[in-house]
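To start, the structure under review is shown below, and the notes come after it.
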There are 2 protein chains.
Amino acid sequence: MDRDSVVASLLRRLETVSKLDPADIAAIRSLPIAVRHWAGARAIVSDGERPSECCLIIEGFCIRSKSTEAGQRQILSIHIPGDIPDLQSLHLHRMDHDLSTLVPSTLGFISHASLRTLTHARPNVADALWRDTLIDAAIFREWIVNVGQRPAPARLVHIALELRRRLLSVRGGTEPATFEFPLTQEQIGEALGITPVHANRIIRQLREDGIVDVSRGQVHVLDETRLAELAQFDDRYLHQDPAA
Amino acid sequence: MDRDSVVASLLRRLETVSKLDPADIAAIRSLPIAVRHWAGARAIVSDGERPSECCLIIEGFCIRSKSTEAGQRQILSIHIPGDIPDLQSLHLHRMDHDLSTLVPSTLGFISHASLRTLTHARPNVADALWRDTLIDAAIFREWIVNVGQRPAPARLVHIALELRRRLLSVRGGTEPATFEFPLTQEQIGEALGITPVHANRIIRQLREDGIVDVSRGQVHVLDETRLAELAQFDDRYLHQDPAA
DNA sequence: TCCTATCCTTAACCTTTGTTTGGAACCGGC
DNA sequence: GCCGGTTCCAAACAAAGGTTAAGGATAGGA
């Protein structure tokens, strides 16, 4: 993967979310990024560690998760190319959760030192990155609502629609009827706060009802109208318009 | 309330969480803050609005919450003096949730303009405030785990212990057996993702079991050992040590 | 080709939580 | 001292989700 397309994914992301002037863009372009390939289902950084770099997803999917003492795991967020899922480690030095790949992925590592130099030199870039972490937090808030208030089927379709919406900033175009959703039923359960058995139940139900088919790492929307009605998905919390 | 003690609550908070040099502190001290009093259970900023200032809690308690179309409300966080619960509005211009008082409170309003000037002039202060919003996000992550994975009684004691721990940075001293917890049972339900009836059930159960007594806006710890065992509370996610 | 591991699927049964409802206690205002 | 609204308390029943257990599909490796 060449350098330009590596930075491109990051820039596309920051620009869908913030306004940057040419000098800012040039400064971001000159960030040193170490590209590495990762297998699927592997830890990138783990709870308790003190990383000295942040991880840009260039290709693939990652998740953040947190485990209780009782051994249960909660998935906190799903990440796509262009995301820097552990940007918070720049200021929160000790990890309080895990970051790992979902599928084989290409990752770009950027040292905290170079990011700190950049943000101190260019307040505009600092603001853009800060804003990025704030959107991250906005998504966490929506997930609290999701897990706390919605019944399990609505929970599932809500995170699916969120992912589809966010993928637009990478894949471009309009919202597709079929898109990648590389979670096993067990992982779906971990994201929704339900058991894998119950995840299976609701997936089957949604399929039988002709609303949506979640299988083999993909989502196929069967009935867009009833899906929207069930999910109550409003993308405002994603703050994707830099002007707004 | 005099100016010094107003800024003091903010400084105490930022300093328990970040390192600031004398020039930074002086700059923060010179921020214009408009002090206003608010009744209990009143909105401060609402979902959809575009505030032009941030709100520092000087005295009292506030909550952030989000409502679904179905009319259910989820409480997202509880805030105490020294917190700036809507600091995110500095970069996320449109509110995606509500902020309101829980009890009569004294609030200090700081304009976005003056905050932006300050953060651009002093990258150190920007980092401290950024870090503050990142801790906010870390708490959201823990709440996702709380609502997603823990049974209802553990959920309740977990947020109670979190509040007690955070109150230390305001009240000082060591963790008290009795502390303020100004939520009605209905609000407790909204924070835990359960109905008020079920909130009542588990509160009663915890009291009968001699673990903790939650009543009249207060928490009385009856058995510290069994409480810790039930809550599995580990304060690492609060990132209260600036050095760590 | 078989073997193995992972994932998906299903069923029966049990526990937790939601629903509905009603009453008691408390509190501020008159 | 009474009154209307909260808040708290409680019981009976219903629904959602968890547990356990087991068989079946799929895919990659030997």
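Chain letters run A, B, ... following the sequence lines, proteins first and then strands; every chain starts at 1. Quick note: numbers below take in every heavy atom, side chains included, and nothing from hydrogens, waters or symmetry partners.
Using modelled atom types, one finds a donor on one side chain and an acceptor on the other under 3.5 Å when comparing B:His198 with B:Arg201. Side-chain N/O atoms of B:Ser77 and B:Arg64 include a donor and acceptor closer than 3.5 Å. Between the side chains of B:Gln232 and A:Glu69, no donor N or O sits under 3.5 Å from an acceptor N or O. Side-chain contact annotation: A:Asp209 with A:Gln205, donor-acceptor N/O pair under 3.5 Å present.
Within the 6.0 Å centre-distance limit, the rings of B:Phe109 and B:Trp38 are counted as a close aromatic pair.
Between A:Glu180 and A:Leu163 the shortest heavy-atom distance is O-CD2, 3.6 Å.
One can place CD1 of A:Ile202 at 14 Å from C1' of C:dT9, the figure rounded to the nearest angstrom. The CZ-P distance, from A:Arg150 to D:dA16, rounds to 17 Å in whole Å. With rounding to whole Å, A:Ile203 atom CD1 is found 7 Å from C:dT9 atom P. With rounding to whole Å, A:Leu156 atom CG is found 16 Å from D:dA16 atom P. A straight line from CD of A:Gln187 to P of C:dT6 spans 13 Å, rounded to a whole angstrom. One can place CD of B:Gln149 at 12 Å from C1' of D:dG18, the figure rounded to the nearest angstrom. One interatomic measurement links the two molecules: CZ of A:Phe181 to P of C:dC8, which rounds to 12 Å at whole-angstrom precision. Taking atom CD1 of A:Ile188 as the reference point, atom C1' of D:dG17 lies 17 Å away to the nearest angstrom.
Closest-nucleotide positions on DNA chain D for B:Arg201 and B:Glu186 were compared, and the one nearer the 5' end corresponds to B:Glu186. Toward the 5' end of DNA chain C, the nearer of the two residues B:Thr195 and A:Gln185, judged by each one's closest nucleotide, is A:Gln185. When the nearest nucleotides of DNA chain D are assigned to A:Ile194 and A:Arg216 by heavy-atom distance, the more 5′-ward of the two goes with A:Ile194.
A heavy-atom distance below 4.0 Å to DNA chain C is reached by none of the residues of residues 60-76 of chain B.
Here the side chain of B:His198 is nearest to one of C:dT9, C:dT17, D:dC9, namely C:dT17.
Atoms CG and CG, on B:Leu134 and A:Leu87 in that order, are 7.5 Å from each other to the nearest 0.5 Å.
Backbone-only engagement by B:Gly193 is indicated by non-hydrogen atom pairs under 4.0 Å involving sugar-phosphate atoms exclusively. No contact: B:Gly189 has no heavy atom under 4.0 Å from any strand.
At least one side-chain nitrogen or oxygen of A:Asn200 sits closer than 4.0 Å to the OP1 or OP2 atom of C:dT9.
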